[in-house]
*Asks:* 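Pasting in a structure now, in structure tokens, and then I'll have a few things to ask.
Residue indices begin at 1 and follow the sequence shown.
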Amino acid sequence: MKRMRIKKYLCLIMAVVLLFSLISCSMANKEEATTTKKETTTTTTTEPTTVTTTENEKTSFPENKTARIYKGLSKDKNGDYPYKVASYSTYYNSYDTTRTQNLKTAVSKVNNIVVPSGEVFSFNQTVGKRTVTAGYETAKIVQDGEFVDGLGGGVCQVSSTIFECALRTNAQIIERYCHSLKVAYVPLGGDATVMWPSADFKFKNRSKADFIIKMNCSSGTLTCSIWANKKIDVGDVDISISKSGKNYILTRKVDGSQNYITYSQYQEPKTTTKKATTTKKAKKKKSKKNN
């Protein structure tokens, strides 16, 4: 009887030990699974890097409901375009190496681009996004009413030079915006700013000939010329700019009839305003001190 009791006790003890082992193992596995789950769901996040990509960083451009992708334009280095339709030159400081680099990078994208009769040239679509990998460097841009350093500074001089040239071919200007601040490389009212991807410069070749855009950037001169594959008469084109109040009004007349008009307004740079205010206060203090 004693042996039977001892066996029962031993069996009971072994059962308890086995049960305890199973519970401990289960808890360990559960903890391990939880740890593994935590490890696999943990991710490292990084803050996105934001850089300016144009000369005019402005957020108040009107919504462009007609924005679209136009037919892709191609280059033709060996094509026959013997007839010069129009040409326009602007000037830059060639000692500003980073800005000069940006000009040349944008020019390389536009040079030899063919705009067939009836087709549209889009600056942003042709030049693409202004990034470091695309060859752009830091130079002065317009941002929040100030001239600051930013990626792609100078690109708007290319778009503005093309705008001035396109005006003289009697092209249809589809989209054009002015800078928020005054720029010196074209007459006030004659600029065309761009910002990727919202603000673009576009014109349509409405002549009966195919156009090719030739651009050259060297020794401080940026030139855009447009040539045609056959002789055409664009008429007597007259470009004039007048000022009325805060508006600079550019008007194009062809053979005496107005067929294009655009309005531009410019703010004063914040930095200039601040300096002027400081100078004024300083003068007042100096005056009181002398008195």
*Asks:* Only counting residues at least two apart or in another chain, list the ones meeting side-chain contact (heavy atoms from CB on, under 4.5 Å) with Ser108.
*Replies:* none

*Asks:* In chain order, what residues pass the ring-ring contact (aromatic ring centres under 6.0 Å, His included) check against Tyr266, with sequence neighbours excluded?
*Replies:*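 ring-ring contact (aromatic ring centres under 6.0 Å, His included) list for Tyr266, sorted by chain: Tyr248.
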
*Asks:* Quick check: closest heavy atoms across Ile226 and Cys165, and the distance to 0.1 Å?
*Replies:*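 Closest approach of Ile226 to Cys165: CG1-SG, 3.7 Å.
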
*Asks:* For Thr223, give me all partners under side chain to side chain donor-acceptor pair (under 3.5 Å), at least two apart in sequence or on another chain.
*Replies:* Ser89

*Asks:* Side-chain heavy atoms under 4.5 angstrom apart, residues restricted to Ile, Leu, Val, Met, Phe, Trp, Tyr: same cluster for Leu73 and Val127?
*Replies:* yes

*Asks:* Please indicate whether Lys109 has more than 12 foreign heavy atoms, meaning atoms of other residues, nucleotides or ligands, lying under 6.0 Å from its NZ.
*Replies:*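 Count not over threshold, so no.
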
*Asks:* So, for Arg252 and Ala166, which heavy atoms are closest and what is the spacing to 0.1 Å?
*Replies:* NH1-O, 4.1 Å

*Asks:* So, do Pro116 and Val114 sit near enough that their side-chain heavy atoms are less than 4.5 Å apart?
*Replies:* yes

*Asks:* What's the verdict on side chain to side chain contact (heavy atoms under 4.5 Å, CB included) for Asn112 and Ile212, showing C-alpha distance, side-chain angles and the deciding distance?
*Replies:* CA-CA 6 Å; Asn112 291 316; Ile212 190 169; 4.1 Å; yes

*Asks:* By side chain to side chain donor-acceptor pair (under 3.5 Å), which residues pair with Asp76, not counting sequence neighbours?
*Replies:*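 Partners of Asp76 by the side chain to side chain donor-acceptor pair (under 3.5 Å) criterion come out as none, since no residue qualifies.
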
*Asks:* Evaluate Gln267 against Ser180 for side-chain hydrogen bond (donor to acceptor under 3.5 Å, both in side chains), listing each step before the verdict.
*Replies:* CA-CA 6 Å; Gln267 304 168 8; Ser180 56; 5.2 Å; no

*Asks:* Can you check whether Asn247's main-chain N or O pairs, donor with acceptor, with Gln265's side chain at less than 3.5 Å?
*Replies:*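 No; judged by distance alone, with no hydrogens or angles, the pair does not exist.
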
*Asks:* In the single-linkage hydrophobic clustering (I, L, V, M, F, W, Y; side-chain heavy atoms under 4.5 Å), do Val237 and Ile241 co-cluster?
*Replies:*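 In one cluster: yes.
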
*Asks:* Testing the basics here: between Asn93 and Thr100, what is the closest heavy-atom pair and its distance to 0.1 Å?
*Replies:*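 It is O-OG1, 3.5 Å.
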
*Asks:* Distance-only, no hydrogens or angles: does the Ser159 side chain make a donor-acceptor pair with backbone N or O of Cys156 under 3.5 Å?
*Replies:*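 Checked: pair present.
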
*Asks:* If two hydrophobic side chains count as joined below 4.5 Å and joins carry through other members, does Phe211 share a cluster with Ile113?
*Replies:*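 Looking at the clustering, Ile113 is in the same group as Phe211.
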
*Asks:* Please name the pair of heavy atoms, one in Val120 and one in Ile174, separated by the smallest distance, quoted to 0.1 Å.
*Replies:*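 Minimum heavy-atom contact is CG2-CD1, 3.5 Å.
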
*Asks:* Check whether Asn229 reaches the backbone of Asp210 with its side chain - one donor and one acceptor, N or O, closer than 3.5 Å.
*Replies:* yes

*Asks:* Show your reasoning for whether side chain to side chain contact (heavy atoms under 4.5 Å, CB included) applies to Leu167 and Ile173.
*Replies:* CA-CA 8 Å; Leu167 280 172; Ile173 307 302; 4.0 Å; yes

*Asks:* Does the Ser117 side chain pair with the main chain of Ser207, one donor and one acceptor, at a distance under 3.5 Å?
*Replies:*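 Yes, Ser117 side chain to Ser207 backbone: donor-acceptor pair under 3.5 Å.
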
*Asks:* Going by atom types only, do Gln101 and Thr105 share a side-chain donor-acceptor pair under 3.5 Å?
*Replies:*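 A donor-acceptor contact under 3.5 Å links the two side chains.
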
*Asks:* Leu250 and Ile261: same hydrophobic cluster, using ILVMFWY side-chain contacts below 4.5 Å?
*Replies:*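 They do not share one cluster, since no chain of ILVMFWY contacts under 4.5 Å joins Leu250 to Ile261.
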
*Asks:* Of Arg130, Lys129, Lys202, which is the lone residue that meets side-chain hydrogen bond (donor to acceptor under 3.5 Å, both in side chains) with Asn124?
*Replies:* Arg130

*Asks:* Output all residues satisfying side-chain contact (heavy atoms from CB on, under 4.5 Å) with Lys230, sequence neighbours left out; order by chain, then residue number.
*Replies:*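 side-chain contact (heavy atoms from CB on, under 4.5 Å) list for Lys230, sorted by chain: Ala209.
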
*Asks:* Mind checking side chain to side chain donor-acceptor pair (under 3.5 Å) for Asn170 and listing every partner two or more places apart, or none if nothing turns up?
*Replies:* Arg206, Asn259

*Asks:* Filter on salt bridge (charged side-chain N to carboxylate O under 4.0 Å, His left out), then keep only pairs touching residues 190-199, sequence neighbours left out; what's left?
*Replies:*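 Pairs touching residues 190-199 that pass the test: Arg176-Asp191.
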
*Asks:* Using the rule given for side chain to side chain contact (heavy atoms under 4.5 Å, CB included), can you reason through Cys178 versus Thr193, listing the C-alpha separation, both sets of side-chain angles and the distance that settles it, and then say yes or no?
*Replies:* CA-CA 5 Å; Cys178 67; Thr193 189; 5.8 Å; no

*Asks:* If you take all heavy atoms of Ser160 and Ala192, which pair is closest and at what distance?
*Replies:*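 What the structure gives for the nearest pair is OG-N, 2.8 Å.
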
*Asks:* Any side-chain heavy atom of Leu222 sitting closer than 4.5 Å to one from Val158?
*Replies:*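 Of all side-chain heavy-atom pairs linking Val158 with Leu222, at least one is under 4.5 Å.
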
*Asks:* Sequence neighbours left out, what passes ring-ring contact (aromatic ring centres under 6.0 Å, His included) with Phe201? Give chain and number order.
*Replies:* Phe163

*Asks:* Would the number of heavy atoms belonging to other residues, nucleotides or ligands and lying under 6.0 Å from NZ of Lys204 be above 12?
*Replies:* no

*Asks:* Any link between Val183 and Ile249 through a network of hydrophobic side chains (Ile, Leu, Val, Met, Phe, Trp, Tyr) touching at under 4.5 Å?
*Replies:* no

*Asks:* Do side-chain atoms of Asp255 reach the backbone of Gly235 as a donor and acceptor pair under 3.5 angstrom?
*Replies:*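 Not a single qualifying donor-acceptor pair exists.
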
*Asks:* For Ser242, what residues pass the side chain to side chain donor-acceptor pair (under 3.5 Å) criterion, not counting sequence neighbours?
*Replies:* none

*Asks:* Test your reading of the model: is there a side-chain donor-acceptor pair from Asn111 to the backbone of Met215, 3.5 Å cut-off?
*Replies:* yes

*Asks:* Roughly how far, to the nearest 0.5 Å, is OG1 of Thr169 from NZ of Lys84?
*Replies:*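 Result: 13.5 Å between the selected atoms.
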
*Asks:* Gln258 and Thr251: side-chain donor and acceptor closer than 3.5 Å?
*Replies:* no

*Asks:* What residues, two or more places apart in sequence or in another chain, satisfy side-chain contact (heavy atoms from CB on, under 4.5 Å) together with Ala184?
*Replies:*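 Here no residue qualifies.
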
*Asks:* Working to the nearest 0.5 Å, report the span between CZ of Arg99 and OG of Ser94.
*Replies:*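 Rounded to the nearest 0.5 Å, the CZ-OG separation comes to 11.5 Å.
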
*Asks:* Name all pairs fulfilling the ring pair (Phe, Tyr, Trp, His ring centres under 6.0 Å) condition that reach into residues 213-238, sequence neighbours left out, sorted by first residue then second.
*Replies:*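 Every candidate ring pair (Phe, Tyr, Trp, His ring centres under 6.0 Å) pair involving residues 213-238 fails, so no pair, neighbours aside, qualifies.
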
*Asks:* Looking at every heavy atom in both Cys224 and Ile213, which two are closest together, and how far apart are they?
*Replies:*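 The pair with the smallest heavy-atom distance is SG-CG2, 3.9 Å.
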
*Asks:* In Å and rounded to the nearest 0.5 Å, what is the CG to OG distance from Asp236 to Ser257?
*Replies:*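 Rounded to the nearest 0.5 Å, the CG-OG separation comes to 11.0 Å.
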
*Asks:* State whether a side-chain donor-acceptor pair under 3.5 Å links Asp200 with Ser122.
*Replies:* yes

*Asks:* For residues 81-130, which residue pairs qualify under ring pair (Phe, Tyr, Trp, His ring centres under 6.0 Å), counting only residues two or more places apart or in two chains?
*Replies:* Phe121-Phe203

